[in-house]
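Down below is the structure, laid out as structure tokens.
Worth knowing before you read on, the calculation uses all heavy atoms, side chains too, and leaves out hydrogens, waters and symmetry mates. It should be emphasised that the depicted structure is a prediction, and the values quoted were computed from it without experimental measurement.
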Amino acid sequence: MKYLWLTFLTLLVLGHSPQPGLAEPSELKPDSTEFARAQMVDWIDSETFVVGRWDGSLSVFRTQRAGEWTPVLLQTQATTGAGVELVVALDEKTILYSNGENELALWGRTGKGAFDAPLPIAYDVTYGVANSATQFNYLGDDLVVTGHANGFALVWKRDRQSLTLLRAVDLKSANPIPSPYPLKNIRGLAAWKGDLVLSGSEDGDIVAFSVTTGNERFRQRYSATAQRGINAISEIDGQLLVVNCSVGAADKNLWLYEVNDAGLTLRSSLNLVRDATRPQVFDFDGDLFETNGKVRFIASTEEGLMWRGVINAGVLAVDALATVAPNGGAALDVNDITGSIVAAAYDVMLFEGGN
């Protein structure tokens, strides 16, 4: 019996099983894997929001009510199969999203119920997939501006659930940052004042440009030592938040500027990181918002963390953080009505905006 037991242990150590049919199993490899990480999220109204994911899906959720313990999925929509890099609610009845390299889509509804079949809007493929958007009214016209992967901003005139292209504005930098990733994506757009829009690009430049003429008011590198491009921007009352990837301990991944006609003035910066030994820290998304007379900010970093803070006399100060993913950043948005924060990575989480 002793020798039988030793033989059994030897087989276990060597990785062999004494049971017939279990010896030397081959490794199974998947033919494909769903990548369900969220890329964009946007509130539709006070209680519903839409999430766009890298698996090509759009999902509309409602916040939980009494007796419910999670946001409730209301509706899903498949896109062309490419990852959804842009999704924005233009109003309670209209969602705009990217639908491949040369197409946008408007997903509309007539009431408060389900959204109808999407309406495709094609454009020249040389502009690239849409990455960002902003909207505002100027001289009676409802305008939508979309930022694209090849360094262009497209200016559209909106009439309810239709878009007409007015012009394309080339925003590519003549002197891009010295990054190993030579990207031109316009990752951030913010309506500023009058007919001026602010853009933030992967090439490192922030540009203020006119949507009526295409002329630039100013162009400025967000940091003279930048090694990575811009991932998101947000503006409130002349304060501009810029989100990027920091490289090295001395770099920053969150910046606050004062913006005026002359350009940008740096007010504050932070490197949002828990493990300071990391060679770089990707800041995925960020947003400015107001609550109880305070200007606050949120940001999401590659450690799977969401950081929340407040701006005191022009200085960024973190006051809370949360784990929102096992790794990687989350898409973020703040509800203008309720102040609630939605963070979407693999899971979808809701948070209070703070006092």
Side-chain angles (χ1 to χ4, degrees), residues 40-43 88 131-136 145 147 177 185-193 196-208 218-224 226 228-246 251-260 263-273 281-302 305-322 324 329-336 339 341-343 351 353-354:
M40 297 284 280
V41 62
D42 201 43
W43 286 97
V88 59
N131 303 135
S132 57
T134 189
Q135 62 171 331
F136 61 104
V145 184
I177 57 173
N185 305 65
I186 306 297
R187 293 288 183 189
L189 288 169
W192 181 27
K193 61 177 184 177
L196 297 177
V197 167
L198 299 168
S199 68
S201 171
E202 293 260 23
D203 65 22
D205 284 359
I206 297 169
V207 181
F218 68 79
R219 173 184 291 267
Q220 191 169 329
R221 183 64 40 86
Y222 78 92
S223 170
R228 299 291 186 270
I230 296 168
N231 299 322
I233 65 172
S234 181
E235 188 271 344
I236 286 182
D237 297 332
Q239 298 181 92
L240 180 69
L241 190 73
V242 176
V243 169
N244 66 293
C245 175
S246 61
D251 201 2
K252 312 294 183 182
N253 58 19
L254 191 70
W255 308 74
L256 181 70
Y257 300 89
E258 178 185 335
V259 56
N260 55 41
L264 306 174
T265 301
L266 179 63
R267 292 305 183 199
S268 182
S269 60
L270 293 172
N271 195 30
L272 301 176
V273 59
V281 185
F282 190 90
D283 197 346
F284 185 76
D285 197 6
D287 211 354
L288 291 175
F289 62 103
E290 293 182 274
T291 178
N292 296 324
K294 299 177 182 178
V295 177
R296 287 191 161 273
F297 67 90
I298 49 172
S300 171
T301 56
E302 68 175 76
L305 299 174
M306 182 185 77
W307 308 72
R308 192 196 69 187
V310 64
I311 299 174
N312 291 318
V315 177
L316 298 164
V318 173
D319 62 14
L321 59 80
V324 291
L332 306 173
D333 195 37
V334 182
N335 193 300
D336 293 335
I341 299 168
V342 58
F351 298 89

Phe218 and Val259, any side-chain heavy atoms less than 4.5 Å apart = yes
Any donor-acceptor pair under 3.5 Å linking the side chain of Tyr257 with the backbone of Tyr222?
-> yes
State, with a plain yes or no, whether a side-chain heavy atom of Ile186 is found less than 4.5 Å away from one of Asn131.
-> no
Taking every heavy atom of Arg221 against every heavy atom of Gly204, the minimum-distance pair comes out as CD-O, 3.2 Å
Do Phe351 and Val324 come close enough that some side-chain heavy atom pair is under 4.5 Å?
-> yes
What residues form a salt bridge (Lys or Arg N to Asp or Glu O under 4.0 Å) with Arg187, not counting sequence neighbours?
-> Glu85, Glu202
Hey, are the side chains of Asn244 and Trp255 touching, using non-hydrogen atoms and a 4.5 Å cut-off?
-> yes
Does atom CG of Asp336 have more than 12 heavy-atom neighbours, drawn from other residues, nucleotides or ligands, at distances under 6.0 Å?
-> no
Do Asn253 and Arg228 have side-chain heavy atoms sitting under 4.5 Å apart?
-> no
Show me the donor-acceptor pairs within less than 3.5 Å that the side chains of residues 281-293 make with the rest of the protein, sequence neighbours left out.
{"residue": "Asp285", "atom": "OD2", "partner": "Leu332", "partner atom": "N", "Å": "2.9"}
{"residue": "Asp287", "atom": "OD1", "partner": "Ser234", "partner atom": "OG", "Å": "3.0"}
{"residue": "Thr291", "atom": "OG1", "partner": "Gly354", "partner atom": "O", "Å": "3.3"}

Apply the side chain to side chain contact (heavy atoms under 4.5 Å, CB included) test between Leu241 and each candidate in Leu254, Ile311, Ile233; give the one that qualifies.
-> Leu254
Do Val295 and Asp237 have side-chain heavy atoms sitting under 4.5 Å apart?
-> no
